Amino acid sequence: MTPRPDDDAPASAPATPPATPMVEVVEDLLRSLDEARLELDTPDAEEARARRHRVALQVSNHLLPRLREVSAPAIVVLGGSTGAGKSTIVNSIVSANVSPAGVLRPTTREPVLVVHPKDAELLDGHPVLDIATRVTHEGTKRGLALIDAPDLDSVHAANRELADQLVEMADMWVFVTTGSRYGDALPWQRLRDAVERGISIAVVLNRVDRAGLNEVRNDLFARLQEQGLTSVPFFVIPDVGPIDGPLPADKVQPLAAFLGVLGAGAQSRSVIARTVRGAWPALREDVQLLAANLDSQRRTTLSLQGAVQAATRAAAAQARADVQTGSAATGAPTTAWLAGASSGGALSSLVAPPRGWIQRRRYRRSSTGRADALQRLREVSLGELRTVLTDACASAERAIRAGLAETAAGRQLAAAVPAERSASARVDRLDVLFREWDSVAGERTVDLTASEPLSGIELGHLVEVAAVGVDGAVRAVQRLSGDTGAATVTALRGDLADWAAAAVVAEADEFTAALDRMDIDPADAATRLRLRASELREYA
């Protein structure tokens, strides 16, 4: 990799070096993180998504750029609470107004990165330039890039997110606080997070009144000791009252001298190496936790698939039983049969054969009426059957949604399948069922013969009505076509029962399809992350 130029040599754009094994491992890790989608609202999903986002930022915004170009200046982020005076400190270190400072809170809305002109090109292509404005100034120490970050507790969510991103990019985080703000909870939580991920830390107590200095400093030391941070560099900048512009040089001299040493080649590389090396253990732990989160996603996916299938079973069994027992024929179909089969009705000849020449003549004259009556009876019977099956399918859908409502992931899946989509798919599915069943019925009745003159269409309609469950039609088929006709009715009813159950079970299809569309992490996603974690062990 390109060594950092000395103070007098002009910087040149670094050539792209070949990837080292460590770089390749981290690049593979970043790809695996991109594949870890964590789409389902599992109990651990919110935490897992935040972890994945944070780790991806750390890898893409700090580790990879640093590993690819170690000669780039050390990135030092000054961060802290609102009004801590970060901008004034940056301006004072550089001895120029390079970052806006003032009483307006928050003053820093866009991060400002200050770098020596000879180091500027070494940051070309670094992700930090996507979110920070680069300012070059010769007052900046060589080997340093100072970032004035937005407030960690900014009232603007975008500012808080930027501040968090910048901490992830830092080789060192200078925690700036004041005598009135050093107890704020949020910066301390962020400080703990940074320490856990191996980021080098320094602390600046700014704007401290001399009268309360000892008390504040002692209390702050106690807090640092609680966090195991007693060895971090610590600086005090006394309150100088209202001031327009940089602080007097002597007030920031200790901090400026420390940063000047930090920017020196050997010391800078030491801090960078310590920060990178310190990141591996926490990074490896985070990757292992993400693998466990992916396992949870996969288990939840399988559980949801099983739940939606199981929820249809009772309704499917009931639909099968209703068809087998002819429940659909109760009501309108039976009433229509009785009306047509009564004495003198269009279907009366199907109940008993005509006797005498007068009845036979009436039988021949009524053949057209009989065909129309059978057509209407078939329509009534199949319409009632469709209503029964529609209700059974709707019952299955309600059972699915009731089961899914018990978990956040289930509610997420239910919301992905609008009721209108289920209803539309149900109509299409039942259309296919009746069309196919009618085709099978036609094939099975084509060779049936009747003991009395019925057309093939009439006989087919009568068999279908019998298969739906109209008792009178069953007896009529038995009388006209014997055992062969009865067997055909039984077979068709069995087919109908099987298909009805299948149509109800298929209510789960829209939900499983929606689960597939969510593109839940594949089974080997967790395995790949665990492999990345094992590779990181070599550098931890």
Side-chain angles (χ1 to χ4, degrees), residues 1-2 14-40 44-72 74-75 77 122-132 145 161-171 173 193-194 196-199 272-298 519-540:
M1 296 185 182
T2 308
T16 302
T20 66
M22 188 184 298
V23 170
E24 291 176 349
V25 167
V26 177
E27 288 175 338
D28 287 344
L29 171 60
L30 189 58
R31 282 191 290 270
S32 295
L33 290 171
D34 289 339
E35 294 169 358
R37 288 172 290 275
L38 300 165
E39 295 288 343
L40 277 181
D44 60 351
E46 183 175 355
E47 180 182 1
R49 290 165 188 158
R51 178 181 295 112
R52 176 194 170 280
H53 179 67
R54 174 172 50 76
V55 171
L57 283 179
Q58 181 186 14
V59 171
S60 61
N61 290 351
H62 180 250
L63 288 176
L64 267 180
R66 178 54 67 196
L67 292 172
R68 287 169 176 165
E69 184 51 81
V70 295
S71 62
I75 294 178
V77 174
L122 295 173
L123 287 173
D124 286 348
H126 195 293
V128 71
L129 298 182
D130 294 335
I131 60 176
E161 183 177 350
L162 278 176
D164 287 343
Q165 285 184 345
L166 288 169
V167 172
E168 296 293 349
M169 294 180 178
D171 294 305
W173 180 31
D193 293 342
E196 287 175 2
R197 289 195 293 285
I199 299 173
I272 290 170
R274 183 169 64 250
T275 298
V276 171
R277 186 170 60 251
W280 298 126
L283 179 61
R284 182 169 178 268
E285 181 180 354
D286 280 335
V287 172
Q288 289 173 322
L289 288 173
L290 282 170
N293 296 140
L294 291 180
D295 288 337
S296 175
Q297 292 272 310
R298 189 65 182 171
D519 200 20
I520 308 301
D521 306 272
D524 59 348
T527 301
R528 288 197 296 273
L529 276 182
R530 289 191 172 93
L531 177 59
R532 302 289 87 81
S534 68
E535 292 170 337
L536 292 173
R537 182 185 302 168
E538 299 180 23
Y539 309 106

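Predicted model only: the values in this text are computed from it and were never measured. All residue numbers refer to positions in the sequence shown, counting from 1.
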- NZ/NE/NH1/NH2 to OD/OE distance under 4.0 Å, R31 and E27: no

- Taking the side chain as C-beta and beyond, is there a heavy-atom pair between P65 and P127 under 4.5 Å? yes

- pair V77-M169: side-chain heavy atoms closer than 4.5 Å: no

- Query: Does the side chain of R298 come within less than 4.5 Å of L294's, by heavy atoms?
  - Reply: no

- Residues in side-chain hydrogen bond (donor to acceptor under 3.5 Å, both in side chains) contact with Q288, at least two apart in sequence or another chain: none

- Note on the structure: Here the gap from D524 atom CG to L529 atom CG, rounded to the nearest 0.5 Å, amounts to 10.0 Å

- Identify the two heavy atoms, one from A533 and one from R284, that lie closest to each other, and give their separation to 0.1 Å. O-NE, 3.0 Å

- Item | Residues R530, D295: salt bridge by 4.0 Å N-O rule | yes

- When every non-hydrogen atom of A72 is compared with those of L123, the smallest separation belongs to CB-CD2, 4.3 Å

- Is there a donor-acceptor pair closer than 3.5 Å between any side-chain N or O of R51 and the backbone N or O of V287? no

- Atom CD of E47 and atom CG of L290: how far apart are they, to the nearest 0.5 Å? 9.5 Å

- Task: Report yes if the side chains of I75 and R66 come closer than 4.5 Å at any heavy-atom pair, otherwise no.
- Result: yes

- Query: Does some side-chain heavy atom of V25 sit less than 4.5 Å from a side-chain heavy atom of M22?
  - Reply: no

- Side chain to side chain, L29 and L63, heavy atoms closer than 4.5 Å: no

- Would N61 and D130 count as a side-chain contact (heavy atoms from CB on, under 4.5 Å) if you check the C-alpha gap in whole Å, the side-chain angles of each, and the deciding distance to 0.1 Å? CA-CA 10 Å; N61 290 351; D130 294 335; over 6 Å; no

- Do you know which two heavy atoms are closest between D171 and A74, and how far apart they sit? OD2-CA, 3.5 Å

- Message: Could you check whether any side-chain N or O of R52 sits under 3.5 Å from a backbone N or O of L38, counting only pairs where one atom can act as donor and the other as acceptor?
- Response: no

- Query: Should D44 and L289 count as side-chain neighbours, where that means a heavy-atom distance under 4.5 Å?
  - Reply: no

- Task: Could you pull out the closest heavy-atom pair between D286 and R54, with the gap in Å?
- Result: OD2-NH1, 3.0 Å

- Message: Looking at every non-hydrogen atom in both residues, tell me the closest pair between W173 and I199 and how far apart they are.
- Response: N-CG2, 4.0 Å

- Would you find a donor on one side and an acceptor on the other, under 3.5 Å apart, between the side chain of R68 and the backbone of V23? no

- Kindly check if the number of other-residue, nucleotide or ligand heavy atoms within 6.0 Å of CD (E35) is above 12? yes

- Which heavy atom of Q165 sits nearest a heavy atom of L57, and at what distance? CG-CD1, 3.7 Å

- Query: Where do E39 and D519 land on the side-chain contact (heavy atoms from CB on, under 4.5 Å) test, with the steps shown first?
  - Reply: CA-CA 8 Å; E39 295 288 343; D519 200 20; 5.7 Å; no

